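All values below were derived from every heavy atom in this structure, side-chain atoms included, with hydrogens, water molecules and symmetry-related copies excluded. First listed ligand is number 1; within each ligand, the first listed atom is number 1. Values in this document were obtained by computation on a predicted structure and should not be read as measured data.
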Amino acid sequence: MRNILHSEREVVKVSVICPAKINLFLKVYGKRPDGFHDLISVMQSIDLSDRLSIEETERGKIEVSCSNPDVPCDESNLAYKAADYFLNKAALKVDGLRINIEKNIPMMGGLAGGSTDAAGVLVGLRRMMDVKLEDADLVKFASDIGSDVPFCLIGGTALVQGRGEKLEPLPAGLDRNSGAFLVVLPPMSVDTPWAYNMLDENRATEARKWGDLCEEVKSVREIWMGAIMDGSFPLLFHNDFADPLYKAKPELGAVHENMRNLAGHAILSGSGSAMFAWFSDVSEAIRTRDEYTPIAGEIPLIAYPVSGGAELQE
Ligand code: C5P
């Protein structure tokens, strides 16, 4: 084990911006022997972000604090898991770490709020500890921590498959100047394992053969690449969780209906509860947000697409 002394390193504190993600497209297939589900998704980073600060301490432990008192700061926090994992994997011995999370992304909202903090910890510690690790090594670490963590590391617009860990950036993806999302955050959270169970119970999930899935991935890739290029991608928005979730939780179905009536469309992100609509015209997005009347305490906000994942703030 490498025992690193403070004096050997220049960087003892880093800040990282950690963007949320939304699923522009999400299809969920059958449950695999490892308990996860195969999926095909197109994910997009947005500028709704958490901010992390990470610094070394002499307190002999990893300590996590968060601006949102509802977020558990114990070993179950993905930022804690990522730090512990990184130090073990990179065989580094540091006395202690303090991780502070400025939380702007709601918990259990289908926006990868915990996963992006974990990705931020990996990016931050690589810089702080000055370890020679390629991006591919970090992606491997990320996939051991959680299904959405690899995407949160790379970010942008990407086709995602497997249980979430296999990703390929899509060419000419959306960026800060493409348009804007209206994101609506209902005050209710959705537990992800519960949502996958609900899908399994609600339908005969297809245990797809590997060859069939490969064909499906190929066609999703081709169709999405063309639709991003010509701007027709909103026609492809889809989420397998949406209809069963609105049936199981009618209060979310009502928020969806409310948003759809105003914006013309509304798509669930991940397993919920956040929903979004897309506007190529930013002023129309802002106008729609201003006109949005909540029915259950939901919060409407504007989010811009961004072309990367967790990023150091120099
Ligand atoms: O990987 P992560 O910890 O984010 O997954 C949380 C839970 O979501 C898993 O324990 C599993 O129940 C479910 N899940 C799944 N299939 C996926 C991703 C997540 O069943 N592809």
Side-chain angles (χ1 to χ4, degrees), residues 18-45 50 64 71-72 74-86 89 101 103 105-122 138-155 158-168 189-208 210 212-214 216-217 220 238-242 244-245 248-249 268-274 309-310:
C18 308
K21 66 89 181 138
I22 52 178
N23 300 80
L24 304 179
F25 179 86
L26 177 57
K27 279 190 98 171
V28 181
Y29 297 92
K31 195 171 180 175
R32 316 187 313 193
D34 65 3
F36 287 89
H37 294 72
D38 275 314
L39 47 89
I40 302 179
S41 184
V42 177
M43 293 191 186
Q44 174 65 53
S45 306
D50 289 347
V64 177
V71 173
D74 57 10
E75 295 172 15
S76 67
N77 189 300
L78 280 184
Y80 182 104
K81 281 191 188 167
D84 192 40
Y85 183 99
F86 185 98
K89 275 285 176 184
I101 306 169
K103 191 67 72 203
I105 308 170
M107 291 166 71
M108 297 166 118
L111 300 171
S115 302
T116 195
D117 297 344
V121 166
L122 296 180
L138 273 204
V139 172
K140 171 76 189 71
F141 287 10
S143 66
D144 287 344
I145 297 162
S147 307
D148 287 340
V149 187
F151 173 78
C152 293
L153 207 53
I154 306 298
L159 177 69
V160 174
Q161 42 170 321
R163 69 173 169 91
E165 83 286 12
K166 291 185 206 150
L167 60 123
E168 53 182 274
S189 53
V190 177
D191 179 63
T192 303
W194 171 86
Y196 275 100
N197 270 336
M198 176 201 62
L199 266 195
D200 290 342
E201 281 166 14
N202 268 274
R203 61 175 197 186
T205 47
E206 305 143 82
R208 290 300 192 93
W210 177 238
D212 291 348
L213 264 185
C214 289
E216 194 122 355
V217 168
V220 170
H238 173 82
N239 188 327
D240 271 356
F241 283 108
L245 186 72
K249 293 188 183 277
L268 189 77
S269 179
S271 55
S273 59

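- Closest protein heavy atom to atom 1 (O) of ligand 1: Ser147 OG, 2.6 Å.
- Close approach to Arg163 involves these atoms of ligand 1, each under 4.0 Å from a residue heavy atom: 1 (O), 17 (C), 18 (C), 21 (N).
- In this structure, Lys21 contributes its side chain and Gly113 its backbone to no donor-acceptor pair below 3.5 Å.
- By the criterion of a heavy-atom distance under 4.0 Å, the side chain of Tyr196, and not its backbone, is placed next to ligand 1.
- For ligand 1, the polar-atom distance check against Asp148 finds no nitrogen or oxygen pair separated by under 3.5 Å.
- Arg163 places a side-chain N or O within 3.5 Å of a backbone atom of Ser143 that can act as its donor or acceptor partner.
- You'll find the side chain of Tyr29 reaches within 4.5 Å of the side chain of Ile40, heavy atoms only.
- For ligand 1, the atoms lying closer than 4.0 Å to a non-hydrogen atom of Leu39 are 21 (N).
- For atom 5 (O) of ligand 1, the closest non-hydrogen atom of the protein is Phe36 CE2, 3.9 Å.
- Considering backbone and side-chain atoms together, Thr192 places no N or O closer than 3.5 Å to any N or O of ligand 1.
- Side-chain contact between Thr116 and Pro19 is present, with at least one heavy-atom pair separated by less than 4.5 Å.
- Relative orientation of the His238 and Phe25 rings is tilted, given thresholds of 30° and 60° on the angle between their planes.
- Nearest protein heavy-atom contact of atom 7 (C) of ligand 1 is Pro193 CG, 3.9 Å.
- Between Ser41 and the options Asp240, Asp148, Asn23, Asn239, a side chain to side chain donor-acceptor pair (under 3.5 Å) holds for only Asn23.
- Near Gly146, meaning under 4.0 Å from any of its heavy atoms, are these atoms of ligand 1: 1 (O).
- Less than 4.0 angstrom separates some heavy atom of His37 from each of these atoms of ligand 1: 15 (C), 16 (N), 17 (C), 20 (O), 21 (N).
- Which parts of ligand 1 touch Gly35 is read off a 4.0 Å heavy-atom cut-off, strictly below it: atoms 20 (O).
- The pair Lys103-Asp50 meets the salt-bridge criterion, since a charged nitrogen lies less than 4.0 angstrom from a carboxylate oxygen.
- Residues Asp74 and Tyr80 are not in side-chain contact: their nearest non-hydrogen atoms beyond the backbone lie 4.5 Å or more apart.
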